[in-house]
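Single-structure report; data block below.
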Amino acid sequence: MYTKNQFQLLKDFADKNDALFDLGITTTDSFTGEIGEFIACQHFKLHKSGRSNKAVDGIAPNGERYQIKSKVVSTSSFSHTISNLQPDLFDKLVLVYFDIHYNLLKMLVIPVSEIPESVFRITKSNISKFESIDRVKMPLKFQKALTDFAKSFTALQENGIIRSRRIVGDIGEFYACKKLDLIISENQTEKGIDARHPNGLTFEVKTRWVYESDRRISEVRRLNNLVGKTADYLIVVTLDRCFECSGMWIIPMKNIANPKSASLKIINSTPGVKNIIPSKISWLQNRESFQGFDTVISKRQTNKTIAKRRPRPVKPKQVPLPLIPVEENNEISIEQIIIAAVLIALGLLVAVII
DNA sequence: GGTTTTGAAACGGACAGGCC
DNA sequence: GGCCTGTCCGTTTCAAAACC
């Protein structure tokens, strides 16, 4: 589906992403936040907290607790709102700003005394109040790994492979749309619908990057937050380490038993699942092969879902404007004919006299 | 028209409890 | 004990609405 060159760029990104992991710069796939944490830890000589340490990302040699947040900015504005802060649990908040190529723009250091509640805002009016750092020293190998990663990421954007920073989701949507001739939603945050088919069916696409990696402690993978999704079908896409599609399934949304927190393994057990691309993952089974939408649509119709079709709009009848008030029964009496005849005769007589 | 706010989206992890 | 599920939390990004 991708060209050879595009696959090479994706493989290169996977390599550069792994390089960050191997160097300890990142520990998960949330690379923006992790790169920011790494840079702040380098600068302030922090001891980085574990994966799930509430509100504290690093601890300084003097015991100060740091909360670190990162943001990629594409405009000149540094305005930012951070919510759900717990100022009683840390001493300093560090905001790390990157440009779109992951070059450090600045780091802001905000003492907790400036954060009275759980929401904190950086605006034009207050940004100058805080200590700003725009250069961080770090060993050359780290610098090079970050530069290489940023270049590789930028190449994905420049070659039209991804349209946002959600790489996994973008690629999964691309595969699903290519395979099923779907039209991707222009609005990237449209609730519950990622793509549409010209036949009117709607689709939510969920993608998981499934491969052996120390990034994940557990094998359990979830398909969270499908509650309220209005799409007709869920398409599950799995990607291997180099972002090649390692499986694709289509599931009627209404058949998903636990939409709030389904396991990825629901594709093994949910009724009506069909395989679009065979599974290369041992614990995700191949199901009945998907034969195209004709089959799906005919099943929809036999399931009486056809009754849910929107009623065809009724064209209003054109009613002529009444020029003369008429009686409800629309019948003309003999008296009316006589009166009309007399009036016409009188009119003709007047015309002759004149 | 630029800035700020808000809500929805994405992916992932931890923990508790039930079941076998 | 191991597995699975439910729930809640963590992270950042995007875009529309609201505001100035």
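Just so it is clear: chains get the letters A, B, ... in the order the sequence lines come, proteins before strands, and each one is counted from 1. Below, each value reflects all heavy atoms present in this structure, side chains not excepted, and no hydrogens, waters or symmetry copies. Values in this document were obtained by computation on a predicted structure and should not be read as measured data.
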- Task: Send over the distance from A/Asn17 CG to B/dC11 P, rounded to a whole Å.
- Result: 15 Å

- Think A/Gln67 has a side-chain N or O under 4.0 angstrom from the OP1 or OP2 of C/dT11? yes

- Task: Using a cut-off of strictly less than 4.0 Å, decide whether A/Thr32 has a side-chain nitrogen or oxygen near OP1 or OP2 of C/dT13.
- Result: yes

- Query: Could you state the NZ-C1' distance from A/Lys71 to B/dA10, rounded to the nearest angstrom?
  - Reply: 15 Å

- Task: Starting at atom NZ of A/Lys206, determine the distance to atom P of B/dA10, rounded to an integer number of angstrom.
- Result: 4 Å

- Let me know the distance between CD1 of A/Ile35 and P of C/dT11, rounded to the nearest Å. 16 Å

- Message: What is the distance, to the nearest angstrom, from the CD atom on A/Glu37 to the C1' atom on B/dG12?
- Response: 14 Å

- Message: Is the phosphate of B/dA10 approached by A/Arg208 (side-chain N or O, under 4.0 Å from OP1 or OP2)?
- Response: no

- Query: A/Leu93 has an atom CG; how far is it from atom P of C/dT11, in whole Å?
  - Reply: 11 Å

- Query: Which one of A/Leu93, A/Val109, A/Ile110, A/Val94 satisfies the side-chain contact (heavy atoms from CB on, under 4.5 Å) criterion with A/Phe130?
  - Reply: A/Ile110

- Item | Among B/dC11, B/dA10, C/dT11, the one nearest A/Glu204 by side-chain distance | B/dA10

- In whole angstrom, give the distance that lies between atom CZ of A/Phe153 and atom P of C/dT13. 9 Å

- Could you tell me the separation between the CG atom of A/Leu23 and the NZ atom of A/Lys141, rounded to the nearest 0.5 Å? 6.0 Å

- Query: Would A/Phe243 and A/Trp209 count as a ring-ring contact (aromatic ring centres under 6.0 Å, His included) if you check the C-alpha gap in whole Å, the side-chain angles of each, and the deciding distance to 0.1 Å?
  - Reply: CA-CA 7 Å; A/Phe243 299 97; A/Trp209 201 7; 4.5 Å; yes

- Mind running salt bridge (Lys or Arg N to Asp or Glu O under 4.0 Å) on A/Lys16 and A/Asp148 for me, showing each step along the way? CA-CA 7 Å; A/Lys16 299 300 186 296; A/Asp148 289 348; 5.5 Å; no

- Would you indicate which nucleotide in B/dA10, C/dT11, B/dG12 comes nearest to any side-chain atom of A/Lys69? C/dT11

- Task: Figure out the CG/P separation between A/Leu234 and B/dA9, and round it to whole Å.
- Result: 14 Å

